[in-house]
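Notes follow once the structure below has been shown.
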2 protein chains.
Amino acid sequence: MTFHPFSQTLINPSPEENLIPSLSVDCVILGFEDDQLKVLLIQHHGGPKDGEWALPGDFVHKNIDLESMPYEVLKRLTGIEDIFVDQFGAFGACERVDYRRIITIGYYALISPGKYELKIGNGAKKVQWFAVDRVPCLIFDHNELVEAAIRQLQMDLDIKPIGNNLLPEEFTLTQMQKLYEAILGEKQDTRNFRRKIANLKILKETGKVDDSAPHRAPKLYQFDQSKLK
Amino acid sequence: MTFHPFSQTLINPSPEENLIPSLSVDCVILGFEDDQLKVLLIQHHGGPKDGEWALPGDFVHKNIDLESMPYEVLKRLTGIEDIFVDQFGAFGACERVDYRRIITIGYYALISPGKYELKIGNGAKKVQWFAVDRVPCLIFDHNELVEAAIRQLQMDLDIKPIGNNLLPEEFTLTQMQKLYEAILGEKQDTRNFRRKIANLKILKETGKVDDSAPHRAPKLYQFDQSKLK
DNA sequence: GCAAAAGTGTTGTACGTACACCCATGG
DNA sequence: CCATGGGTGTACGTACAACACTTTTGC
């Protein structure tokens with residue numbers, strides 16, 4: 001197999017003839033940890049972008065549906081498949097990739113960091129979570145993609161089961177509020193937030209509390225899967 | 001130049017080596033006429049889809065930004081450039097095109113039918129407006145693209161200057177209401193609609209009326225360009 | 001008893017919705 | 001004078017924004 005300047009992120013790169021060389025998929029994988037929205041980045045190992053940080057991605061495979069591609073990328077990085085993924089745009093300026101004409105389709109994915117063990121593909125030196133307001137300079141237009149993904153996530157926040165994918169199985173309302181604040185980038189009023197969530201009627205109490213902290217123990221909730229439209 | 005199975009819509013097809021053969025752009029060109037939302041379709045002439053109806057589109061040109069491609073398509077069909085265009089998604093199921101793997105990026109465009117003279121490209125038999133609820137069976141997944149474009153348009157209706165592009169320079173509030181009804185697919189209450197539009201403060205009276213009809217002459221309005229956010 | 005976070009209500013305002021009649025005009 | 005479409009107001013309910021104090025617990 002010849003060196004492939006863009007498949008640095010692959011664990012099992014496909015033979016080049018199975019790829020569409022001018023069309024890639026990039027994934028903005030978002031997670032919520034330490035009250036912060038984080039994005040999963042990989043550091044290239046070898047190739048023209050050695051040492052630089054980038055979104056995980058891949059060329060579109062000729063025999064795989066476009067919409068399945070982000071799951072392929074995620075499977076290689078995390079070993080999981082049943083996650084929330086949404087397309088947020090196609091990016092295709094002539095000079096977005098400096099050495100070749102490549103159009104990319106951006107997807108964002110929502111997972112819980114820590115729930116999965118990350119694998120480092122061949123072509124990658126490191127895989128690491130970064131807070132979205134501490135993202136380093138990325139290759140190509142990847143910083144733009146991160147911003148576009150977050151804008152889309154903000155718009156989807158009220159109409160898609162975002163929390164269900166970014167929060168642990170059981171969580172407190174304070175955690176959920178922190179998640180909303182991280183996504184929207186602004187503080188929320190506690191009383192208004194709780195009323196709004198209550199009106200959605202998508203949570204149910206577990207009956208348990210989180211008594212790991214040294215003060216009043218908050219109630220734990222979970223999503224009522226039957227009520228997520 | 002060899003025959004190119006997909007560039008039926010081109011007036012001046014580019015040499016094949018300037019195209020990205022696995023990546024196309026399709027345009028859902030929408031207009032408003034006779035109180036109906038209409039979409040512009042072309043009928044293929046020659047090639048594997050001879051006689052069938054399709055969205056106008058083109059392969060992505062290697063030396064043209066992706067986001068400029070819909071303008072290229074529109075320029076060939078209508079000779080105009082300054083119109084509203086928005087990307088609504090990338091479509092890439094393996095079997096969406098029956099004879100080859102082609103991913104397409106969908107754009108919708110808004111123009112006033114009748115304002116422009118349509119050109120018939122070589123590769124096309126006809127160019128024709130169809131009411132969106134009377135769209136014939138189209139090639140590939142183009143019917144899906146039309147529906148996706150309209151869904152996107154519905155979501156954009158309140159946040160983008162849709163009317164500014166689909167209505168004539170001067171128009172009545174009834175016309176505008178009919179446009180909203182056509183896009184949303186449901187009747188609007190006249191009083192509520194007028195109050196809503198008034199609250200937006202994006203229109204100004206022209207002082208003129210339309211006295212072409214045999215009853216009370218409605219006032220003519222225009223968009224106040226300085227107030228379109 | 002205090003620090004630290006959980007939890008809780010009221011009020012005003014803005015917006016959506018439902019609903020019916022008079023007005024102006026041309027023929 | 002009548003048919004046709006233009007134009008207008010009120011009342012209600014819901015949703016959001018602003019705002020501060022009490023409760024529980026571990027130490």
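What you are looking at is a predicted structure, and each value in this text was computed from that prediction instead of being measured. We name chains A, B, ... by the order of the sequence lines, and we start the count at 1 in each one.
For B:Arg96 and A:Asp65, the salt-bridge test fails: no basic side-chain N is under 4.0 Å from an acidic carboxylate O. With salt bridges taken as basic N to acidic carboxylate O contacts below 4.0 Å, one links A:Asp158 and A:Lys196. Taking 4.0 Å as the cut-off between side-chain N and carboxylate O, A:Glu181 and A:Lys178 do not count as a salt-bridged pair.
Taking only side-chain atoms of B:Pro214, from C-beta outward, the nucleotide of C:dT25, C:dA6, C:dG26 with the closest atom is C:dG26. Checking D:dG6, C:dG7, C:dA4 against the side-chain heavy atoms of B:Pro218 singles out D:dG6 as nearest. Set against D:dT23, C:dT8, C:dA4, the side chain of A:His215 has C:dA4 as its closest nucleotide.
With DNA chain D read from its 5' end, the first of the two nearest nucleotides for B:Thr190 and A:Asp211 is the one closest to B:Thr190. Nearest-nucleotide mapping onto DNA chain D: of A:Arg191 and A:Ala213, the residue sitting toward the 5' end is A:Arg191.
The line from CG of B:Leu30 to CD1 of B:Ile150 is 6.0 Å long, rounded to the nearest 0.5 Å.
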Polar atoms only, N or O, under 3.5 Å: list the protein pairs with nucleotides 11-13 of chain D and their distances.
none

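The distance between atom CZ of B:Phe193 and atom C1' of D:dG6, rounded to the nearest whole Å, is 14 Å. Between the CG atom of A:Leu203 and the P atom of C:dG7 there is a distance of 13 Å, rounded to whole Å. One interatomic measurement links the two molecules: CZ of A:Arg216 to C1' of D:dT25, which rounds to 9 Å at whole-angstrom precision. When rounded to the nearest whole Å, the span between CG of B:Asn192 and P of C:dC19 equals 11 Å. Whole-Å rounding puts the A:Lys187 NZ to D:dA17 P distance at 16 Å. The nearest whole Å value for the distance from the CG atom in B:Asp210 to the P atom in C:dT25 is 13 Å. The NZ atom of A:Lys219 sits 15 Å away from the C1' atom of C:dA5 (whole-angstrom rounding).
Scanning both residues, B:Lys227 and B:Lys201, for their nearest heavy atoms gives CD-O, 3.3 Å.
Residue A:Asp189 is in base contact, counting any heavy-atom pair closer than 4.0 Å across all strands shown.
Side-chain N or O atoms of B:Thr104 include one that pairs as donor or acceptor with a backbone N or O of B:Ser24 at under 3.5 Å. No donor-acceptor distance shorter than 3.5 angstrom exists from the side chain of B:Gln43 to the backbone of B:Glu52, with no hydrogens or angles considered.
For the pairing with A:Phe171, the ring pair (Phe, Tyr, Trp, His ring centres under 6.0 Å) check across A:Tyr221, A:Phe32, A:Phe223 returns one residue only, A:Phe223.
DNA chain C is contacted by A:Thr174 of residues 174-183 of chain A, taking any non-hydrogen atom closer than 4.0 Å.
Residues A:Tyr180 and A:Phe193 bring their aromatic ring centres within 6.0 Å.
At a cut-off of 3.5 Å, with distance as the only test, no side-chain donor of A:Gln175 or A:Asp35 sits close to an acceptor on the other residue.
With hydrogens and angles ignored, no donor-acceptor pair closer than 3.5 Å exists between the side chain of A:Arg194 and the base of C:dA6. No N or O donor and acceptor, one from the side chain of A:Asn199 and one from the base of D:dA15, sit under 3.5 Å apart.
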